[in-house]
Amino acid sequence: MSTAIWVVVALVVVAVLAAAGYLAMTRSRTARLRRRFGPEYDRVLEHQGGRAAAERELRSREERHQELELRDLDPRRREEYREQWVRVQERFVDAPEAAVEQADQLVTVVMGERGYPTHGFEEKVAHLSVEHGRTLDHYRRAHTISGKAATKEASTEDLRQAMVHYRALFEELLAPHGEAHHGRGEEHPTGNPAKHAAPHDERHAGERTDEHAAKHTAAPAGPPAGHRGDDRTMRS
């Protein structure tokens with residue numbers, strides 16, 4: 001066999017190996033992004049219209065996310081926010097639309113204290129998706145219902161669901177780093193994510209608010225005295 005033929009054969013082998021390596025690399029990258037972003041991967045894929053564009057967008061989110069200075073809440077602040085959430089749920093009995101608005105505000109306050117951007121819904125979603133991709137659909141649904149509530153188009157059941165959706169992300173944001181899903185933990189089954197938003201005895205915000213209503217008079221929506229200035233967002 002001539003030298004020229006050997007050169008051609010060698011080039012073909014190199015090309016095949018390079019193609020196989022590239023294919024393995026892209027499959028590994030796709031698997032990693034799917035694990036990290038969960039359902040958000042498919043949503044971006046549908047929106048971008050192609051895998052390459054979708055994965056460029058997701059990698060861009062990862063790069064921007066690395067620039068954030070995220071921090072855990074200290075235990076005291078974590079408990080203060082949980083207390084505020086209980087008061088918001090108690091208010092749902094008498095003022096469900098106001099309670100949903102305050103739930104949105106409280107989630108945004110916690111985002112800010114954790115180090116996430118708090119302006120622009122899509123900007124918030126893009127950053128949250130990197131570590132909270134499996135819970136993000138809850139936030140999207142809650143945001144949609146909040147928009148309906150602002151125009152008086154949301155039913156009471158819609159508002160109950162919004163509270164459950166907001167609580168799903170709220171609890172993840174409170175959790176110390178490494179205890180949230182981070183796109184790699186247990187995956188929610190398909191269907192209505194509200195059914196999996198909270199522990200069994202707290203899945204329905206309406207049920208919880210009814211329990212509180214039976215035990216307590218209406219509690220003020222604002223934070224107790226002594227809280228920091230950002231808690232003012234919870235006042236009606």
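Residues His143 and Arg140 are not in side-chain contact: their nearest non-hydrogen atoms beyond the backbone lie 4.5 Å or more apart. By the 4.5 Å heavy-atom criterion applied to side chains, Asp104 and Thr108 are counted as neighbours. Residues Thr118 and Glu123 fail the side-chain proximity criterion, which asks for heavy atoms closer than 4.5 Å. Side-chain contact between Glu57 and His47 is absent, with no heavy atoms from C-beta onward closer than 4.5 Å. Under the 4.5 Å side-chain criterion, counting only non-hydrogen atoms from C-beta, Met163 is in contact with Trp85. Contact check for His138 versus Leu169: no side-chain heavy atoms found under the 4.5 Å cut-off. Counting heavy atoms from C-beta on, the side chains of Glu97 and Lys152 come closer than 4.5 Å. Put simply, the side chain of Arg43 reaches to within 4.5 Å of the side chain of Glu40, judged on heavy atoms.
Between Tyr41 and the choices Arg51, Arg34, Arg36, the side chain to side chain donor-acceptor pair (under 3.5 Å) rule is met once, by Arg51. The only member of Leu174, Val110, Leu173 that meets side-chain contact (heavy atoms from CB on, under 4.5 Å) when paired with Arg78 is Leu174.
A pairwise comparison of heavy atoms in Gly115 and Leu68 identifies O-CD2, 4.1 Å as the closest pair. Among all heavy-atom pairs drawn from Asp94 and Pro96, the shortest one is C-CD, 3.7 Å. Between Phe92 and Val100, the closest heavy-atom pair is CE1-CG2, 4.5 Å. In plain terms, the two heavy atoms of Pro39 and Gly133 that are nearest each other are CD-O, 4.0 Å. A pairwise comparison of heavy atoms in Tyr116 and Leu70 identifies OH-CD1, 3.7 Å as the closest pair.
Checking side-chain atoms of Arg91 against main-chain N and O of Ala99 turns up no donor-acceptor pair under 3.5 Å.
For the atom pair CD of Gln161 and CZ of Arg141, the computed distance is 9.0 Å after rounding to the nearest 0.5 Å. To the nearest 0.5 Å, atoms CG (Leu128) and OG1 (Thr135) are separated by 9.5 Å. Rounding to the nearest 0.5 angstrom, the gap separating the CG atom in Asp74 from the CD atom in Glu113 is 7.5 Å. Residue Arg61 holds its CZ atom at 15.0 Å from CD of Gln66, rounded to the nearest 0.5 Å. Separating the OH atom in Tyr139 from the NZ atom in Lys124 is a distance of 3.0 Å, to the nearest 0.5 Å. Taking CG of Leu136 as the start and CZ of Arg134 as the end, the distance is 12.0 Å to the nearest 0.5 Å.
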Practice problem: Tell me, with the steps shown, if Val107 and Met111 meet side chain to side chain contact (heavy atoms under 4.5 Å, CB included). | Solution: CA-CA 6 Å; Val107 168; Met111 284 183 201; 3.5 Å; yes
Verdict with reasoning, Tyr166 to Leu106, per side chain to side chain contact (heavy atoms under 4.5 Å, CB included):
CA-CA 9 Å; Tyr166 276 127; Leu106 180 54; over 6 Å; no
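A cation-pi arrangement is present between Arg77 and Tyr81 under the rule of less than 6.0 angstrom and at most 45 degrees off the ring axis.
In this structure, the salt bridge (Lys or Arg N to Asp or Glu O under 4.0 Å) partners of Arg82, at least two apart in sequence or on a different chain, are Glu79, Glu171. Among residues two or more places apart in sequence or in another chain, the side chain to side chain donor-acceptor pair (under 3.5 Å) test is passed with Arg64 by none.
Around the CD atom of Glu69, the shell of radius 6.0 Å holds no more than 12 heavy atoms that belong to other residues, nucleotides or ligands. Residue Glu46 qualifies as open at atom CD: its count of foreign heavy atoms under 6.0 Å is 12 or below.
No side-chain donor from either of Glu80 and Gln84 sits under 3.5 Å from a side-chain acceptor of the other.
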